[in-house]
Amino acid sequence: MNKLLIAVMMMAGLTACSQEAKQETQETAQAVASEVKNEVASAADTAASAAQEAADKAEVAASKAEEAAKPEEAAKPAESAKVDGKAVFEANCKACHSGLIPGAPAVGKKEDWAPRIKQGKDTLHKHALEGFNSMPAKGGNGSLSDDEVKAAVDYMANESGAKF
């Protein structure tokens with residue numbers, strides 16, 4: 001009977017230990033869950049802050065792009081000044097305006113250019129852009145911008161006596 005009593009007492013002790021272990025496990029699980037919940041909330045806050053910061057940067061960039069696009073009309077004359085008329089001439093106009101093509105005014109020959117220069121800068125630009133007599137529009141190179149054509153015309157005229 002002593003053995004039976006000892007066995008019952010051992011069973012009671014194991015049950016008590018088991019309940020304590022169960023409670024400790026539940027407390028640990030709750031603590032871990034609470035930590036995970038806090039870390040998830042912190043990560044969500046960090047992500048939200050980063051998203052807001054990115055949105056703010058995108059808004060600033062969009063605003064700058066919009067501002068840069070607004071003064072388009074004011075920028076066109078500045079773009080014309082940036083174009084290297086000599087480089088455009090060398091690459092596109094020199095073949096015809098070097099004196100080899102009859103009727104095409106040779107750059108540097110004031111007598112070829114004088115009557116054209118008298119017509120004015122706007123007329124020269126118009127003829128070069130739209131074509132005139134046997135000269136095709138944009139000298140036959142449709143990929144040139146209007147500003148590039150104008151810069152080349154200004155270069156050729158200025159090399160031939162104009163002051164554009």
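- Rounded to the nearest 0.5 Å, atoms NE2 (His127) and CG (Asn133) are 8.0 Å apart.
- Considering all non-hydrogen atoms of both residues, Asp112 and Ala106 come closest at OD2-N, 3.2 Å.
- A distance of 13.5 Å separates NZ of Lys86 from SG of Cys93, quoted to the nearest 0.5 Å.
- Between the side chains of Ser143 and Asn141, at least one donor N or O lies within less than 3.5 Å of an accepting N or O.
- Taking the side chain as every heavy atom from C-beta outward, Ile117 and Lys110 never approach each other to under 4.5 Å.
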- Task: Begin with the C-alpha distance, continue with both residues' side-chain angles, and end with the deciding distance and a verdict on side-chain contact (heavy atoms from CB on, under 4.5 Å) for Glu148 and Asp84.
- Result: CA-CA 8 Å; Glu148 288 172 319; Asp84 183 355; over 6 Å; no
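- Side-chain atoms of His97 come within 3.5 Å of backbone N or O of Pro105 as a donor-acceptor pair.
- Between the side chain of Lys94 and the main chain of Phe89, no donor-acceptor pair closer than 3.5 Å is present.
- When the side chains of ILVMFWY residues are joined at heavy-atom separations under 4.5 Å, either directly or via intervening members, Val107 and Met135 end up in two distinct hydrophobic clusters.
- Distance alone, capped at 3.5 Å, places no donor-acceptor pair between the Asp154 side chain and the Phe164 backbone.
- A heavy-atom distance below 4.5 Å is not found between the side chains of His125 and Val149.
- Closest approach of Ala157 to Leu124, counting heavy atoms only: CB-CD1, 4.3 Å.
- Between Ser160 and Gly108 the shortest heavy-atom distance is OG-N, 2.8 Å.
- In this structure, Ala128 and Val153 approach most closely via the heavy-atom pair CB-CG2, 3.4 Å.
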- Task: Just do the side-chain contact (heavy atoms from CB on, under 4.5 Å) check on Lys150 and Val83 with the steps written out, would you?
- Result: CA-CA 9 Å; Lys150 290 175 183 178; Val83 176; over 6 Å; no
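- To the nearest 0.5 Å, atom NZ of residue Lys138 and atom CG of residue Leu129 are 6.5 Å apart.
- Counting only heavy atoms from C-beta outward, the side chains of Met156 and Trp113 approach each other to under 4.5 Å.
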